[in-house]
Amino acid sequence: MSPNIDNQQDRLAEIFRQLDNQIVQESKVAFLKIQSWQFAVRTPEIGATYLREAASMITQSLLSFVPNSFVLSEEGYYTNPIEN
């Protein structure tokens, strides 16, 4: 009697292939965005406005202050019982 072994190599290979394709596509998009950024910075009339917009996006999103209580409430700290 042969043991019942569930071989999932095909499924794992397919998942790996899909993730690899996704990474390749995202890398191409990132490369095109970098090229677009470099072109915009080199073009004088576009570069100034592009840099201003980028600076405002960075300061509004990355450098904005968020209180600790907001982060805790968004993560569900106050709604779920504490488990250690």
Could you list the donor-acceptor pairs under 3.5 angstrom formed between side-chain atoms of residues 34-42 and any protein atom two or more places apart in sequence or on another chain?
none

Just jot down the side-chain contact (heavy atoms from CB on, under 4.5 Å) partners of Y78, sequence neighbours excluded, or say none.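 Here the qualifying residues are S69, L72, S73.
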
Listing request: all side-chain hydrogen bond (donor to acceptor under 3.5 Å, both in side chains) pairs with a residue in residues 10-20, at least two apart in sequence or in separate chains.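 The answer is Q8-R11, E14-R17, E14-Q18.
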
